[in-house]
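Residues take their numbers from the sequence shown, with the count starting at 1. Both ligands and their constituent atoms are indexed starting at 1 by order of listing.
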Amino acid sequence: MARNYLSQRVTELKPSGIRKFFDIAATMKEVISLGIGEPDFDSPKPIIQAGIKSLNENQTHYTANKGILPLRRAINEHLQKLYGVGYDPEEEIVATVGGSEALLLAIQALLDPGDEVLLPTPCFVSYQGVILLAGGVSVEVPSRMENNFVPDPKELEKAITPRTKAILLNFPSNPTGAVADRETMIEIGRLAEKHDLIVISDEIYDRLVYGVEHVCFAALPGMRERTILIGGFSKDYAMTGWRIGFVCAPREILDGIARIHQYVIMTAPTMAQFGALEGLTSCEDFVQKMLREYDRRRKLVVEGFNYIGLPTFEPRGAFYAFPKVDVTGMDDETFADRLLHEKHVAVVPGSAFGPGGEGFVRCSYATAYDQLEEALDRIHQFVKSL
Ligand SMILES: Cc1ncc(COP(=O)(O)O)c(C=O)c1O
């Protein structure tokens with residue numbers, strides 16, 4: 001094929017650094033994977049039953065573009081109850097195909113070619129790709145372990161140019177597990193106001209916080225009008241395979257978002273909408289139970305890594321630990337590669353998540369407790385053998 005039929009944008013799109021390791025791990029025996037960013041729990045039974053019931057009742061059709069109204073109402077009530085911020089179910093909420101679609105819609109709705117998005121890194125692997133596909137430019141601002149991987153507002157401000165349109169935040173964070181404190185969030189809010197920026201706040205892990213508050217960005221004074229809030233069910237409700245999430249924004253912005261959704265997706269899966277509604281209505285006990293178990297594992301892995309001699313800051317959210325591995329004299333890619341081949345433990349090199357991730361690896365503790373113990377043992381042996 002002499003001609004490259006792919007667009008310039010797609011040609012520039014790099015494959016995710018996460019996949020590469022999964023593909024290698026899949027060919028090996030007895031691998032313990034700390035690489036996966038999804039709950040090991042199955043979806044709560046009431047959610048599964050609600051999905052099945054919807055199918056049995058022949059809810060097998062398209063829904064309203066924005067999603068079934070009871071779900072949108074439940075999302076509004078949920079946000080009101082937890083964070084004191086509300087959205088009009090008719091005009092300010094769209095049920096999406098996961099947080100992934102919500103992110104794509106937000107970026108597509110905001111960016112003209114050449115518009116810049118401030119991106120604290122290390123960050124979720126999709127962000128740069130989605131910005132690139134919209135013709136936008138990611139302006140990466142690395143955060144550091146000394147600051148518990150919370151971005152420094154002064155450094156963010158230095159990166160602002162006349163083309164900056166938005167800041168993309170993700171707390172609790174994938175890959176670091178960082179949770180930003182209220183003061184930092186307020187300062188970032190001031191920046192957004194001063195430079196008239198939109199904040200896209202990906203709060204997909206909002207319920208997974210350990211002993212600290214989750215600050216909902218839209219709930220900060222004056223921020224609702226300049227925030228696009230992304231939420232989901234994949235992580236909090238262990239529903240990754242259902243493909244359901246949501247996006248909330250002030251009316252004018254949501255109108256643009258809803259138009260894209262209408263043309264590209266039409267509606268989120270009907271069955272998943274009924275499942276998510278059940279999750280919001282009756283599954284708080286399940287969320288709390290999963291949270292307690294993640295917390296137990298979090299303590300195990302953070303203590304374990306520090307004991308092994310891989311300095312690890314205490315993650316306060318999501319289900320990731322981010323140990324520093326360059327203290328072994330290896331870079332993160334080499335560390336992950338050798339650990340996989342020599343001890344059959346899969347972790348993700350931090351550099352896959354952008355600047356600031358080099359020298360670290362991401363380890364998910366959404367894995368059974370005994371598997372984590374075994375993985376820590378193997379990592380310990382590996383580090384000792386160096
Ligand atoms: C930070 C973050 N945002 C969004 C997503 C997308 O999740 P989903 O599309 O399953 O809702 C993920 C998944 O890993 C994530 O880690």
At less than 3.5 Å, what protein N or O atoms come close to the N or O atoms of ligand 1? Include the distances to 0.1 Å.
{"unit_1": "ligand 1", "atom_1": "3 (N)", "unit_2": "Asp202", "atom_2": "OD2", "d": "2.6"}
{"unit_1": "ligand 1", "atom_1": "9 (O)", "unit_2": "Gly99", "atom_2": "N", "d": "3.2"}
{"unit_1": "ligand 1", "atom_1": "9 (O)", "unit_2": "Ser100", "atom_2": "N", "d": "3.0"}
{"unit_1": "ligand 1", "atom_1": "9 (O)", "unit_2": "Ser100", "atom_2": "OG", "d": "2.5"}
{"unit_1": "ligand 1", "atom_1": "9 (O)", "unit_2": "Arg243", "atom_2": "NH2", "d": "2.7"}
{"unit_1": "ligand 1", "atom_1": "10 (O)", "unit_2": "Ser234", "atom_2": "OG", "d": "2.6"}
{"unit_1": "ligand 1", "atom_1": "10 (O)", "unit_2": "Arg243", "atom_2": "NH1", "d": "2.8"}
{"unit_1": "ligand 1", "atom_1": "11 (O)", "unit_2": "Gly99", "atom_2": "N", "d": "2.6"}
{"unit_1": "ligand 1", "atom_1": "11 (O)", "unit_2": "Ser234", "atom_2": "OG", "d": "3.2"}
{"unit_1": "ligand 1", "atom_1": "14 (O)", "unit_2": "Lys235", "atom_2": "NZ", "d": "2.6"}
{"unit_1": "ligand 1", "atom_1": "16 (O)", "unit_2": "Asn174", "atom_2": "ND2", "d": "2.8"}
{"unit_1": "ligand 1", "atom_1": "16 (O)", "unit_2": "Tyr205", "atom_2": "OH", "d": "2.8"}

Would you give me the side-chain donor-acceptor pairs under 3.5 Å for residues 79-86, sequence neighbours excluded?
{"unit_1": "Tyr83", "atom_1": "OH", "unit_2": "Asp206", "atom_2": "OD2", "d": "2.8"}

Which donor-acceptor pairs under 3.5 Å do the side chains of residues 137-148 make with protein atoms, sequence neighbours left out?
{"unit_1": "Glu140", "atom_1": "OE2", "unit_2": "Gln128", "atom_2": "NE2", "d": "2.8"}
{"unit_1": "Ser143", "atom_1": "OG", "unit_2": "Thr121", "atom_2": "O", "d": "2.9"}
{"unit_1": "Arg144", "atom_1": "NH2", "unit_2": "Glu155", "atom_2": "OE2", "d": "2.8"}

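Judged purely by atom type and a 3.5 angstrom limit, His261 has no side-chain atom pairing as donor or acceptor with the backbone of Lys66. A donor-acceptor pair under 3.5 Å is absent between the side-chain atoms of Thr267 and the main chain of Ala64, judged by distance alone.
Under the rule for a ring-ring contact (aromatic ring centres under 6.0 Å, His included), the partners of Tyr205 that lie at least two apart in sequence or sit in another chain are Phe319, Tyr320.
Below 30°, between 30° and 60°, or above 60°: for Tyr237 and Phe233 the angle between ring planes is between 30° and 60°, a tilted geometry.
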